[in-house]
Amino acid sequence: MIALVTGASRGIGYAIAKRLTGMHVLTPTRSQLDLLDDESISRYLETVNVDVLVNNAGVNSLTDDSETIRVNLVAPIQLINGIIPHMIK
């Protein structure tokens, strides 16, 4: 099984990734999967078949509401929509 954990460089995401024993765990960096970029998300999803998704990445920008909404709401929905077809099979 393959798990994708966003926001796994530290904190809760890091702890979750370490506890997914027995799985191949993907922990992409921002250069591999930029949650602010639709094309980056699409390209990344074309290269992986994910069985488990942990949408953990998040930001709390007090100066850029659009970035907060993009990373915390829009990107997780895009990841879910992109991964569900594989999960249903």
Side-chain angles (χ1 to χ4, degrees):
M1 290 189 79
I2 299 173
L4 169 60
V5 182
T6 63
S9 63
R10 64 179 185 265
I12 293 171
Y14 180 83
I16 290 170
K18 290 296 178 194
R19 284 170 177 75
L20 293 174
T21 56
M23 292 186 168
H24 179 73
V25 181
L26 305 173
T27 58
T29 63
R30 182 174 280 178
S31 64
Q32 296 167 320
L33 175 60
D34 183 354
L35 298 178
L36 293 170
D37 181 6
D38 292 338
E39 289 299 316
S40 176
I41 293 170
S42 295
R43 281 191 311 272
Y44 188 82
L45 291 177
E46 289 172 1
T47 66
V48 297
N49 288 318
V50 176
D51 302 298
V52 175
L53 172 63
V54 179
N55 271 319
N56 177 71
V59 297
N60 185 11
S61 175
L62 299 176
T63 58
D64 189 350
D65 290 340
S66 64
E67 178 180 304
T68 301
I69 291 169
R70 176 83 187 117
V71 173
N72 296 355
L73 177 66
V74 176
I77 291 170
Q78 285 180 296
L79 289 169
I80 291 166
N81 287 335
I83 290 170
I84 282 179
H86 170 73
M87 289 180 167
I88 291 174
K89 290 181 183 180

Visitor: Could you tell me which residues satisfy salt bridge (Lys or Arg N to Asp or Glu O under 4.0 Å) with Asp38, sequence neighbours excluded, listed by chain and number?
Guide: Arg70
Visitor: Under the side chain to side chain donor-acceptor pair (under 3.5 Å) rule, collect the residues that match up with Asn49, sequence neighbours excluded.
Guide: none
Visitor: Using the side-chain contact (heavy atoms from CB on, under 4.5 Å) rule, take Leu26 and Val5 through it: C-alpha gap first, then chi angles, then the decisive distance, then the call.
Guide: CA-CA 6 Å; Leu26 305 173; Val5 182; over 6 Å; no
Visitor: Would you say that Gln32 contacts Thr27 through its side chain, given a criterion of any heavy-atom pair below 4.5 Å between the two side chains?
Guide: no
Visitor: What pairs with Ser31 under side chain to side chain donor-acceptor pair (under 3.5 Å), at least two apart in sequence or on another chain?
Guide: Thr29
Visitor: Quick one: are Ile2 and Val48 in side-chain contact, heavy atoms under 4.5 Å?
Guide: no
Visitor: Without swapping roles, check the side chain of Asp34 against the backbone of Ser40 for a donor-acceptor pair under 3.5 Å.
Guide: no
Visitor: For Ile12, does the CD1 atom have more than 12 heavy-atom neighbours from other residues, nucleotides or ligands under 6.0 Å away?
Guide: no
Visitor: Do Val59 and Asn72 have side-chain heavy atoms sitting under 4.5 Å apart?
Guide: yes
Visitor: So do Leu79 and Tyr44 actually touch side chain to side chain, heavy atoms under 4.5 Å?
Guide: no
Visitor: The criterion is side chain to side chain donor-acceptor pair (under 3.5 Å); which residues satisfy it with Ser66, sequence neighbours excluded?
Guide: Asp64
Visitor: Quick check against the 3.5 Å criterion: does Thr6 have a side-chain atom that pairs as donor or acceptor with the backbone of Asn56?
Guide: yes
Visitor: Using the test side chain to side chain donor-acceptor pair (under 3.5 Å), find all partners of His86 that sit at least two apart in sequence or belong to another chain.
Guide: Asp51
Visitor: Can you find a pair of side-chain heavy atoms, one from Met23 and one from Val52, that are under 4.5 Å apart?
Guide: yes
Visitor: Restricting to pairs with a member in residues 2-21, which pass salt bridge (charged side-chain N to carboxylate O under 4.0 Å, His left out), not counting sequence neighbours?
Guide: none
